[in-house]
**Student:** 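Below are the structure tokens for one structure; questions will follow.
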Amino acid sequence: MSLAARKVPENADDLIVLAGVPLLADCLGALYWPEQGLLAVADLHLEKGSSFAARGQLLPPYDTVSTLLRLARLVVHYAPRCVVALGDNFHDGGGPERLSPQDRDSLKALQLGRDWIWLTGNHDPEPAADIGGTFHDSLTVGPLTFRHRPSGAEGEIAGHLHPVARVAHRGRAVSRRCFAADDTRMVMPAFGAFAGGLNVRAAAFADVFGTLAFTAHMLGDGRVYAFAAKHCVPD
């Protein structure tokens, strides 16, 4: 199937209409806005493994490679005009300096021929040197505003909370990262390989959406599955 054909949702659960704007929820955990050619990812947490290693907690040092490889798949797939990373792009302020030369080159190769916008997060509040792109606190395009921390404002697309949906079926429960969204606001799943998650039934999501009248678009194998948040189960 061609790249152009793949930009059209293959099932209704992949399409999220936010503030009247149709957006494609990709099962890898990214959001694509076809009209703008804009690809958004949240909470990459690059160099989390090396951050933990520096504190004596050893994790396999492959999170950055894995995260960038998945991001490269999306860039090839959609050929976006713009990529927006919604904060906590690195796990800490020293992350950019710990990038290997190979990973730095991979990151810069992904940026060729397109705008690349880094939004600042609580883990990386300051602009980083030598990673390309431009840095902003938030980005507004038409009726949508991209930022790191969700405020619950209309037209907002945020990260930070790392939403995870847990559903029970035939006596077993399954937990997966998800997009949490209603008609006017969204919290994106964490994209980073080592990023954790917060159940959508947690109080932090009630603070954003006000009620359980939102949908968890769960990342599946090859597609996204939509569940009403009120039908998801707590941990």
Side-chain angles (χ1 to χ4, degrees), residues 1-43 71 74-75 77-87 115 117 119 138-167 176-191 197-201 204-232:
M1 185 177 294
S2 70
L3 292 181
R6 289 292 301 275
K7 294 176 185 178
V8 178
E10 295 181 353
N11 71 86
D13 292 347
D14 291 339
L15 184 66
I16 301 176
V17 179
L18 194 72
V21 176
L23 304 167
L24 176 60
D26 193 282
C27 62
L28 289 182
L31 191 70
Y32 185 64
W33 185 353
E35 182 182 6
Q36 296 291 333
L38 186 153
L39 181 71
V41 289
D43 297 280
L71 187 51
L74 290 163
V75 167
H77 182 78
Y78 293 106
R81 294 190 295 271
C82 177
V83 175
V84 182
L86 273 64
D115 294 329
I117 299 172
L119 302 185
S138 63
L139 174 71
T140 298
V141 182
L144 302 183
T145 295
F146 299 84
R147 61 169 54 96
H148 180 62
R149 288 181 180 268
S151 68
E154 292 190 3
E156 178 181 80
I157 298 176
H160 184 60
L161 294 181
H162 300 202
V164 170
R166 182 176 175 84
V167 295
R176 292 284 184 92
R177 300 182 190 191
C178 70
F179 299 85
D182 60 13
D183 293 337
T184 61
R185 59 192 66 84
M186 173 190 291
V187 181
M188 290 188 59
F191 193 82
L198 180 66
N199 192 298
V200 294
R201 296 297 299 269
F205 292 97
D207 292 341
V208 174
F209 295 100
T211 70
L212 285 176
F214 66 93
T215 301
H217 300 264
M218 182 182 287
L219 308 186
D221 296 330
R223 58 166 291 187
V224 173
Y225 298 85
F227 297 90
K230 64 183 179 181
H231 294 153
C232 298

**Student:** With a 4.5 Å cut-off on side-chain heavy atoms, are Leu219 and Phe179 touching?
**Tutor:**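 When only atoms from C-beta onward are counted, Leu219 and Phe179 do touch, with a gap below 4.5 Å.
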**Student:** Flag the pair Tyr78 / Asp26 as yes when at least one side-chain heavy-atom distance between them is below 4.5 Å, and no otherwise.
**Tutor:** yes
**Student:** Glu156 vs Arg147, test: side-chain contact (heavy atoms from CB on, under 4.5 Å). Steps then yes/no.
**Tutor:** CA-CA 7 Å; Glu156 178 181 80; Arg147 61 169 54 96; 2.5 Å; yes
**Student:** Can you tell me if Ser138 and Thr145 form a side-chain donor-acceptor pair at under 3.5 Å?
**Tutor:** no
**Student:** Nearest 0.5 Å, what's the CZ-NZ distance between Phe214 and Lys230?
**Tutor:**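 It is 12.0 Å, given to the nearest 0.5 Å.
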**Student:** Going by heavy atoms in the side chains, are Phe205 and Leu198 under 4.5 Å from each other?
**Tutor:** yes
**Student:** Does the structure place the NZ or CZ of Arg223 under 6.0 Å from the centre of the six-membered ring of Tyr225, at an angle of no more than 45° from the ring's axis?
**Tutor:** yes
**Student:** Nearest 0.5 Å, please: how far is CZ in Arg176 from SG in Cys27?
**Tutor:** 10.0 Å
**Student:** So Pro80 and Leu38, do their side chains get closer than 4.5 Å, heavy atoms only?
**Tutor:** no
**Student:** Go through the steps to decide whether Val83 and Ile117 satisfy the test side-chain contact (heavy atoms from CB on, under 4.5 Å), and finish with yes or no.
**Tutor:** CA-CA 6 Å; Val83 175; Ile117 299 172; over 6 Å; no
**Student:** Side chains of Val208 and Leu161: does their closest heavy-atom pair fall under 4.5 Å?
**Tutor:**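 Yes, close enough: below the 4.5 Å cut-off.
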**Student:** Testing the basics here: between Val21 and Trp33, what is the closest heavy-atom pair and its distance to 0.1 Å?
**Tutor:** CG1-NE1, 3.3 Å
**Student:** Are side-chain N/O atoms of Asp43 and His160 paired as donor and acceptor at under 3.5 Å?
**Tutor:**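 Distance-only check fails for Asp43 and His160.
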**Student:** Which pair of heavy atoms, one from Phe209 and one from Ala180, lies closest together, and at what distance?
**Tutor:** CZ-O, 3.4 Å
**Student:** Examine distances only and state if a side-chain atom of Arg81 and a backbone atom of Gln36 form a donor-acceptor pair shorter than 3.5 Å.
**Tutor:**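 Side chain of Arg81 to backbone of Gln36, a donor-acceptor pair under 3.5 Å: yes, one is there.
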**Student:** Could you check if a side-chain atom of Thr215 sits within less than 4.5 angstrom of a side-chain atom of Asp182, using non-hydrogen atoms only?
**Tutor:** no
**Student:** Do Leu71 and Val41 have side-chain heavy atoms sitting under 4.5 Å apart?
**Tutor:**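 Side-chain contact under 4.5 Å: yes.
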**Student:** Keeping Arg177 on the side-chain end and Ala190 on the backbone end, is there a donor-acceptor pair under 3.5 Å?
**Tutor:** yes
**Student:** Determine whether a donor-acceptor pair (N or O, by modelled atom type, separation under 3.5 Å) exists between the side chain of Glu154 and the backbone of Ala19.
**Tutor:** no
**Student:** For the pair Asp14 (side chain) and Val224 (backbone), establish whether a donor and an acceptor sit closer than 3.5 Å, ignoring hydrogens and angles.
**Tutor:**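 Answer holds: yes.
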**Student:** Taking the side chain as everything from C-beta on, heavy atoms only, tell me whether Leu23 gets closer than 4.5 Å to Val17.
**Tutor:**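 A side-chain contact under 4.5 Å is absent here.
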**Student:** I need the minimum non-hydrogen distance between Arg166 and Met218, along with the two atoms involved.
**Tutor:** N-CE, 4.4 Å
**Student:** Assess the residue pair Cys178 and Val164 against the criterion (side-chain contact (heavy atoms from CB on, under 4.5 Å)); give the C-alpha distance rounded to whole Å, side-chain angles, the decisive distance to 0.1 Å, and a yes or no.
**Tutor:** CA-CA 5 Å; Cys178 70; Val164 170; 5.7 Å; no
**Student:** If you look at every heavy atom in Thr184 and Leu18, which pair is closest and at what distance?
**Tutor:** C-CD1, 3.4 Å
**Student:** Locate the shortest heavy-atom distance separating Ala229 from Leu212; write the atom from each residue and the value.
**Tutor:**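 For Ala229 and Leu212, the tightest heavy-atom pair comes out as CB-O, 3.6 Å.
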**Student:** So, the side chain of Arg185 versus the backbone of Gly152: is there a donor-acceptor pair under 3.5 Å, distance only?
**Tutor:**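 Yes; judged by distance alone, with no hydrogens or angles, the pair exists.
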**Student:** Nearest 0.5 Å, please: how far is CD1 in Ile157 from CZ in Phe146?
**Tutor:**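 Phe146 CZ to Ile157 CD1: 4.0 Å, rounded to 0.5 Å.
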**Student:** What heavy-atom pair brings Pro150 and Gly159 nearest, and what distance separates the two atoms?
**Tutor:** CD-O, 3.6 Å
**Student:** Do side-chain atoms of Thr211 reach the backbone of Ala213 as a donor and acceptor pair under 3.5 angstrom?
**Tutor:** yes
**Student:** Drop me the distance from Ile16's CD1 to Leu31's CG, to the nearest 0.5 angstrom.
**Tutor:**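 Ile16 atom CD1 to Leu31 atom CG measures 6.5 Å (nearest 0.5 Å).
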**Student:** CG/Leu86 to CG/Leu119 distance, rounded to the nearest 0.5 angstrom?
**Tutor:** 5.0 Å
